[in-house]
Structure formats: C-alpha cells, structure tokens
Amino acid sequence: MLLPRLGPTRGRGRGRPAGAPRCRLSPPWSPAWICCWALAGCQAAWAGDLPSSSGRPLPPCLEEDFHFEYTECDSSGSRWRVAIPNSAVDCSGLPDPVRGKECTFSCASGEYLEMKNQMCSKCGEGTYSLGSGIKFDEWDELPAGFSNVATFMDTVVGPSDSRPDGCNNSSWVPRGNYIESNRDDCTVSLIYAVHLKKSGYVFFEYQYVDNNIFFEFFIQNDQCQEMDTTADKWVKLTDSGAWGSHSVMLKSGTNILYWRTTGILMGSKAVKPVLVKNITIEGVAYTSECFPCKPGTFSDEPGSFICQVCPRNTYSEKGAKECIKCDEDSQFSEEGSSKCKERPPCTTKDYFQIHTPCDEEGKTQIMYKWIEPKICREDLTDAIRLPPSGEKKDCPPCNPGFYNNGSSSCHPCPPGTFSDGTKECRPCPAGTEPALGFEYKWWNVLPGNMKTSCFNVGNSKCDGMNGWEVAGDHIQSGAGGSDNDYLILNLHIPGFKPPTSMTGAMGSELGRITFVFETLCSADCILYFMVDINRKSTNVVESWGGTKEKQAYTHVIFKNATFTFTWAFQRTNQGQDNRRFINDMVKIYSITATNAVDGVASSCRACALGSEQLGSSCVPCPPGHYIEKETNQCKECPPDTYLSIHQVYGKEACILCGPGSRSTQDHSVCYSDCFFYYEKENQSLHYDFSNLSSVGSLMNGPSFTSKGTKYFHFFNISLCGHEGKKLALCTNNITDFTVKEMVAGSDDYTNLVGAFVCQSTIIPSESKGFRAALSSQSIILADTFLGVTVETTLQNINIKEDMFPVSPSQIPDVHFFYKSSTTTTSCVKGRSTAVKMRCNPAKPGAGTISVPSFLKS
C-alpha cells in the first residue's frame with residue numbers, strides 16, 4: 001500500500017525534529033500522483049467500507065484522532081497538507097489533502113504554524129518559539145540528535161606503553177547550562193546534523209582560554225565535504241572567564257556541524273576545557289508547536305520567543321507561566337532554579353571581615369559581614385552568630401607618593417614633589433627629578449586607579465560584589481557568591497615613560513610591575529596574572545595553582561601603551577552547591593609599577609642639567625650617555641660598555657660587555673660581530689661565524705605525549721651579527737589569528753616571539769589529521785647576549801660537557817652564552833642558553849647544527 005511521503009515537522013532544540021514514514025508526492029496531474037492518490041483513496045474506502053474486526057463499521061474520524069503534516073517539497077517548491085491518523089486509532093473519513101504553504105514559509109519568532117487552517121498563531125503563556133530556529137540551552141544530558149566521536153589520529157604511534165588506548169572514554173560532557181570538552185589529548189568531535197529549508201546560520205557562545213587545546217568549528221555537507229564557510233575554522237581564544245560568540249552562515253540542504261577539540265598535553269599539564277552553550281540554528285523548517293519553558297524559566301505573555309529566568313528565591317517547573325516563591329524563612333534558591341532548597345545553619349564560611357576607611361582620629365574598624373545573598377540560618381542548632389564588629393585599630397600610613405595632610409584620606413603628592421607616605425610632600429632638590437611610579441603596600445582603601453569585580457560563568461550570584469577586600473597590610477580575595485567565581489582585581493596605567501635623563505638612554509625596557517603575593521588553598525585554586533594592551537585583548541602572562549608561599553613576580557614593560565593589569569583568582573573550577581572553600585584565598589602584599597605616566601614619587605633621582613643652565617630643569621642625555629656625578633652633565637660611556645637600563649647616574653652605570661663582544665654605537669646592548677679570536681700557548685685561532693649570522697633552525701624529537709601524540713621541539717637561533725638585533729622568531733600558527741596584520745605594521749602583539757633563541761612545539765600535520773603542522777607554546781629561551789668564550793662557565797651559566805660527545809681535536813670549542821629575563825613558575829630566575837660551536841677555523845665550508853643527544857624535551 002502506498003502512502004504519501006511527508007515532510008518533517010520542526011522539532012524543538014531539546015528534542016529531535018519530528019518525522020514520519022514518507023513517499024514523495026508528484027504533481028497532481030502526473031501518473032504517479034494519480035496512482036498514489038488512487039491507492040490512498042482505496043485505502044480510505046477499504047477502511048471505511050469494510051467492517052472492523054468486531055464486524056462493525058469503523059467510526060468517523062474526530063479531530064483528536066489525527067494530525068496534519070506536510071509532504072516533502074517537489075521540484076517546483078510546492079507541498080501538500082495531509083491528515084495522518086494518530087497511533088492506535090482506527091477511524092474512517094480523514095480530511096482530503098489540500099495544497100500547503102510554500103516550502104520556504106515560516107512563522108515569526110513567538111509564533112507557530114497552526115496546521116488546521118495553516119495560519120500563524122502566537123505561542124501561549126509558558127511556551128516559546130523561535131519561528132524557523134532551534135535552540136539548545138539545556139545541557140543536563142546530551143540533547144537528541146547530538147553525538148560524540150572520539151578519535152586518535154596519529155599515524156605514527158610512540159612506544160607501546162604509551163599507545164592511544166584511552167580515547168574511548170573521551171567525550172564532551174553536559175554540565176547543566178553548558179557542555180564542556182574533553183580534558184585529555186584525544187580528538188573529540190561534538191556533531192549535529194540539520195537539514196535547512198532555506199539559508200540560515202548557526203550561532204553559539206563559548207569559552208576557550210587554554211591554547212593547549214586546538215578548538216575548531218567546521219561544517220560538512222552530506223557528502224562529507226567541508227563547506228566554503230569553514231575556511232577560517234579556528235575559533236579565537238577568549239579572556240579567562242569571559243564568554244565569546246561565534247556564528248557561521250549555513251546553506252540550504254544538509255549541514256553537519258562539528259565542534260572539535262584536540263588537547264596537546266606536554267608532561268602532566270592538564271588543560272582547561274572548552275565550554276559551549278546556547279547553540280542556535282536558524283533556517284530549519286516551520287514549527288507546528290511551541291516549546292514549554294524549561295524548569296527555572298517562565299513566559300508570562302503570549303507570543304514569547306524566549307523564556308525569562310526565575311529570580312533568586314523563586315522556582316518554576318516545566319512550562320511555567322510564572323515563578324513560585326520559596327518559603328523565605330526556611331528555603332532559598334539560586335537564580336533559574338527548578339526547586340527550593342533548605343537553608344543550612346550558619347558557619348564560619350558564611351561571613352567575612354573588612355576594614356573601614358580611616359576616620360578623623362586615624363582609626364579603622366574591623367567589620368564582620370554575612371556573605372550576600374545570605375542563605376544560612378542563625379536560629380538552627382549548631383549555627384554560629386556573626387562576631388561583634390567595631391574593634392578599632394590604627395590606620396596604616398599612606399602609600400609612598402601620597403600624604404594625608406592631617407585629613408582622614410590620602411592624596412597624591414603634587415607634580416615635582418615626593419613623600420614616603422609618612423611625611424609631607426616636599427619638592428625635589430635642584431638637579432633631581434621625581435622617580436614616578438606607584439608603590440601600593442598599605443591597603444586601607446582601594447587606590448583610585450584600581451577596581452574590583454566578581455563574575456561567574458554559570459550564574460549571576462556575585463554580580464555587583466567586590467572581588468577583593470582591603471586588609472591593612474595586604475589586599476585579599478573576597479568571599480564572592482560561589483566557590484568557582486572569578487574574583488577580579490584591575491590596575492589601570494595609561495602609559496609608561498622613562499625619567500627625563502634616561503629618555504635617550506633606554507634600551508628596550510620602559511618600566512616594570514612587581515607584586516608580592518601568596519596563596520592559601522585546600523582545593524584546585526588558581527591565580528591568573530593577565531595583561532591588556534590598548535584595550536584590545538587580555539592575555540594570561542602567568543598563573544599559579546594551589547598553595548604558593550610568599551613570593552615576588554616581575555613583569556617587564558617594553559612599549560609605551562595603555563595597560564590594564566588583572567589578577568583573577570578562582571577557588572575551584574568545579575561548580576558547588578555548598579560553599580566548601582571560602583577560606584581559600586590569595587593575598588597580595590604590594591604592587592609596584594615603575595615609570596608610570598600618571599605616577600607619584602616616593603623619592604627623587606639625579607638628572608642631567610644643561611651645560612650653561614646649572615640648576616635649571618632636567619634635560620635628556622643623548623643615547624649611550626651617563627650623568628657625571630661631579631657636574632651633573634651628560635658624558636658618553638666608554639667603548640665596549642652598555643648603559644644600564646635602571647639608572648644612569650655615575651660612570652658605574654656603564655657596564656662592561658662580556659667576553660668576545662662589543663657594544664652598539666648607542667651603548668644600548670652588547671653583541672657578537674661573528675668574529676672571535678683566541679690565543680694561547682703560541683696558538684692563534686681566528687673564527688669567522690658570519691656565515692651563521694642569518695637565523696638557523698633545528699628540530700629535535702620526535703617525542704610522544706601520554707596518549708601518543710607525536711611532537712617535536714623546533715628551535716630558531718640568531719647567533720650573531722646585525723648589531724644585536726633579535727631576529728629569531730617563533731609564533732603560534734593556530735591559536736593566534738592576526739599574525740600577518742601584526743607583522744605588517746602594528747607592534748602591539750604578544751603572539752610573535754622575537755629572540756636570539758626561541759622554541760616552539762610542533763605537532764606534525766599527519767599527527768592529528770590537520771592540513772598543516774601546528775606550532776604552539778612558543779617561548780623565549782634567550783633575549784640577552786652575555787658573551788662568547790672557550791670557557792665552559794660565564795655568569796654562573798655552566799655547560800655540561802657530559803651532554804656532548806668528546807672532541808677528537810685539540811681545537812677548543814667556542815661557546816655563545818645567552819639568558820632570558822622572563823621568569824616562570826618553573827624557571828623563577830629566568831632561562832639560560834648556551835650554544836657550543838665545534839669547528840676548525842682553518843677549514844672552509846658549512847657545518848651542521850644539532851641538539852645534544854641527551855637533551856630532555
């Protein structure tokens with residue numbers, strides 16, 4: 001028996017689009033249509049004329065016995081509305097097919113297509129509709145239609161004990177309001193297939209903060225061919241804790257959507273997963289029904305295209321028209337809740353202390369406050385009470401560069417004056433200038449160029465709260481609203497400028513920011529230090545996990561720009577219903593920024609004076625000149641010395657270059673001119689390394705991660721010449737997207753690494769099935785040249801001879817020594833690099849460059 005082939009009805013995002021048995025209808029004048037219609041008519045006649053199994057005729061069909069659906073569209077874009085009996089219903093006399101709405105027709109958002117009269121109607125209260133779209137905003141489980149595919153695409157697998165046998169358990173994991181990617185180095189795709197009746201788009205929100213994960217979104221057609229719209233499929237990184245958005249246009253027809261992540265784990269480092277939420281797809285077929293609001297939301301007006309979130313201390317069930325209040329005395333609920341919870345007894349984790357601003361007597365009070373919103377009860381057994389507030393203590397002094405002038409608040413010293421914070425502001429003596437900057441070491445009030453905030457990726461409980469609280473001799477993370485809040489502290493500095501006398505003498509450093517901190521944690525807390533340049537993008541410079549003892553960290557500023565420095569503290573990255581880690585905290589004792597444009601001064605420094613205007617205002621010294629102490633005049637540094645970037649007063653500011661090196665004309669740096677001379681015991685050797693002055697490259701490996709991902713370490717080396725210019729360049733070619741633009745003109749970038757020696761981690765193209773090799777985790781190994789010598793030690797940097805094969809010749813090896821001042825958690829004093837040159841200066845020709853055979857990657 002032939003039945004009409006029916007088109008799909010549009011299903012909601014949290015279900016699968018409705019379907020039914022189908023056969024394609026031809027135009028009504030064609031033989032196929034006549035055949036199909038005749039047989040369908042025979043079926044109806046048979047159903048209506050023959051007796052039922054009980055011997056009685058079938059009853060006529062009522063409206064509740066059937067529903068309407070559309071046939072699939074024919075080549076002319078037409079379709080028919082036909083009646084389909086509901087399951088387990090026996091009746092006769094179904095309505096005849098009628099011509100349906102055109103195939104591209106859809107109702108507006110907030111409406112649905114009422115199939116009986118084929119008219120758009122508004123959704124009722126408690127429901128919503130996107131019109132021709134579907135939305136996935138509930139992730140308690142994987143929605144119907146989505147699938148996970150985990151693969152490990154290495155073609156060359158490492159040792160047998162590291163073979164990739166653990167990817168079967170890797171998947172995207174639903175987390176309620178969002179879905180998160182896998183945390184290992186398997187390649188996992190979240191896949192959804194959709195058939196569009198007209199062109200549309202896909203939109204989703206995401207968090208992607210860890211460049212140890214490669215995150216791509218691309219689209220294939222039903223032939224498994226990538227669509228043109230996925231040429232730029234790499235998704236951009238987001239700021240820590242912030243949600244980004246991504247949208248791509250979709251063509252009509254079948255679109256298979258892929259969210260694919262691949263973790264690149266070196267050692268035991270865990271990655272922060274990608275989070276995705278609010279996936280919206282526009283351009284699907286009509287919707288013939290409205291969708292009930294999910295629990296915790298409501299719609300109180302007809303024609304809604306979105307459901308509103310229930311406020312705090314209310315709840316709703318599925319399809320709610322309004323939210324129901326919790327019992328205020330004994331219950332509470334978070335925003336968007338589906339039920340109320342019992343209020344627990346108050347504990348020490350439910351309050352915190354703050355220091356009030358100084359009063360006229362120079363006193364501050366310690367105040368205790370409940371964490372807001374307060375959810376605990378004081379009237380239950382074993383509940384604690386809030387400690388009494390009001391204990392007075394002496395206010396700390398003003399910070400250096402500020403003075404209170406007998407008032408209760410501190411004010412910055414006027415331009416040209418200085419103070420240590422305890423004395424009145426005084427003018428700098430003649431021949432000196434203020435050493436501008438900021439030194440915050442007393443925390444009674446938050447400084448004017450700092451602000452604090454709190455936010456959470458999954459709720460709005462801490463919106464409007466202070467993320468940090470001042471506490472006298474330190475500033476510490478605040479209570480927040482949840483244990484997985486991001487507690488934010490920002491410092492804004494409009495620019496960096498060296499002192500007048502050093503304007504022409506500076507090397508690459510313009511200033512530096514140093515802070516002293518400690519973390520006290522019982523869980524997986526993490527502190528991020530981030531830098532934003534010219535309000536373009538925030539980049540994580542360094543992070544510390546777990547408890548860390550009191551220590552200092554310094555970040556060097558290389559350009560004059562507007563900077564925002566951010567400290568973000570998170571107690572745990574796992575959402576918790578109860579507060580378990582409220583006592584985990586970070587304390588910052590001091591923050592110091594040198595050479596800040598709008599800074600204040602705690603001291604004065606000597607400056608150069610014009611030759612005929614002794615006692616007049618300061619003048620800048622020419623490049624490579626120091627200030628002579630006796631005359632306060634500028635004088636050029638001796639040959640083969642470079643000028644200190646930290647002070648220019650006295651001849652000792654000119655520092656002797658290392659062995660085998662010379663200074664540039666402006667005495668800014670020392671470098672090797674690629675020539676080295678060695679004389680000992682009547683042996684005279686002249687080395688010419690000029691053929692190596694261009695950037696050299698080498699790669700060692702392969703190495704393998706725990707899951708078998710193959711990777712190499714790639715080194716670029718700028719050995720000598722070019723007057724000390726750092727020509728070696730390493731970049732991340734996937735997670736950074738503006739390399740070409742930055743190279744073309746802007747110097748405002750952080751993804752390009754220029755150095756004497758730099759290293760990138762290379763994932764070969766065949767290793768993960770990507771089109772090209774991936775370059776990531778670029779780091780500077782050497783940004784300062786120290787010297788070149790035949791000795792194996794220079795400035796406490798030692799070459800380990802046992803890492804190299806024994807030289808068969810009596811000709812000594814030549815060693816180039818470098819260092820990098822950038823500190824990390826694993827290299828607290830920076831990195832050092834040595835390049836061993838083994839050659840015979842009497843023999844012409846090119847050599848090879850390699851890494852030691854025992855070098856650990």
Side-chain angles (χ1 to χ4, degrees), residues 172 178-185 187-190 203-218 230-248 258-266 269-279 455-458 486 488 490 526-543 545 555 563-568 570 573 730-743 746 748-753 760-763 768 770 772-780 824:
W172 287 73
Y178 57 85
I179 186 170
E180 73 174 29
S181 69
N182 55 308
R183 295 170 178 257
D184 53 29
D185 51 354
T187 297
V188 182
S189 296
L190 179 68
F203 167 90
F204 61 90
E205 296 179 73
Y206 70 95
Q207 276 192 29
Y208 174 30
V209 299
D210 193 340
N211 61 7
N212 291 297
I213 291 181
F214 296 122
F215 178 33
E216 49 185 335
F217 174 75
F218 59 95
T230 60
D232 187 16
K233 65 181 182 178
W234 301 106
V235 182
K236 293 185 178 181
L237 288 165
T238 59
D239 297 338
S240 183
W243 288 97
S245 62
H246 190 81
S247 61
V248 177
Y258 291 83
W259 292 263
R260 187 165 74 177
T261 56
T262 300
I264 308 298
L265 273 64
M266 303 304 167
K269 180 178 174 65
V271 298
K272 292 185 71 67
V274 174
L275 312 182
V276 172
K277 69 175 183 179
N278 291 339
I279 298 175
F455 73 91
N456 189 294
V457 300
Y486 284 95
I488 306 298
N490 301 114
I526 189 165
L527 172 67
Y528 297 95
F529 174 61
M530 298 176 285
V531 175
D532 174 279
I533 303 176
N534 288 334
R535 295 189 176 93
K536 289 187 176 180
S537 63
T538 301
N539 295 284
V540 176
V541 175
E542 189 57 272
S543 61
H555 177 71
F563 282 81
T564 298
F565 302 99
T566 299
W567 293 264
Q570 188 182 40
N573 63 6
C730 296
T731 183
N732 301 329
N733 69 344
I734 296 299
T735 55
D736 299 310
F737 298 90
T738 52
V739 173
K740 293 181 179 178
E741 297 173 7
M742 292 172 174
V743 172
S746 171
D748 180 23
Y749 55 79
T750 55
N751 62 326
L752 296 177
V753 180
S760 295
T761 300
I762 304 296
I763 314 296
K768 290 291 180 183
F770 295 134
L774 307 183
S775 174
S776 68
Q777 301 176 345
S778 296
I779 56 175
I780 295 175
T824 65

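The basis for the numbers below is simple: all heavy atoms, side chains too, and nothing from hydrogens, waters or symmetry mates. Everything numeric here is computed off the predicted structure, so don't read it as measured data.
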Inset, instruction - Kindly write out the residues that satisfy side-chain contact (heavy atoms from CB on, under 4.5 Å) with T564, not counting sequence neighbours, or none if the list is empty. - result: N490, H492, D532, T566

Legend entry - Heavy-atom closest contact (V274 atom, W172 atom, distance): O-CZ3, 4.0 Å

Legend entry - Euclidean distance, K277 NZ relative to F204 CZ, rounded to 0.5 Å: 13.5 Å

Legend entry - Pairwise side-chain contact, V276 with F217, heavy-atom cut-off 4.5 Å (strictly under): no

Inset, instruction - Starting at CG of N182, measure out to CG of L190 and round the result to the nearest 0.5 Å. - result: 11.0 Å

Legend entry - Whether F563 and F565 hold their rings parallel, tilted or perpendicular, with breakpoints at 30° and 60°: parallel

Legend entry - Main-chain N/O of Y208 paired with T238 side-chain donor or acceptor, under 3.5 Å: yes

Inset, instruction - Might you point out which heavy atoms bring S181 and T261 nearest each other, and give the distance in Å? - result: CB-OG1, 3.6 Å

Legend entry - Side chains of W259 and I279 in contact at under 4.5 Å (non-hydrogen atoms): yes

Legend entry - Expected output: side-chain Y206 to main-chain K236 donor-acceptor under 3.5 Å: yes

Legend entry - CD on E205 to CG on L275, rounded to 0.5 Å: 11.5 Å

Inset, instruction - Output the distance between atom CG (N278) and atom CH2 (W243), rounded to the nearest 0.5 Å. - result: 8.0 Å

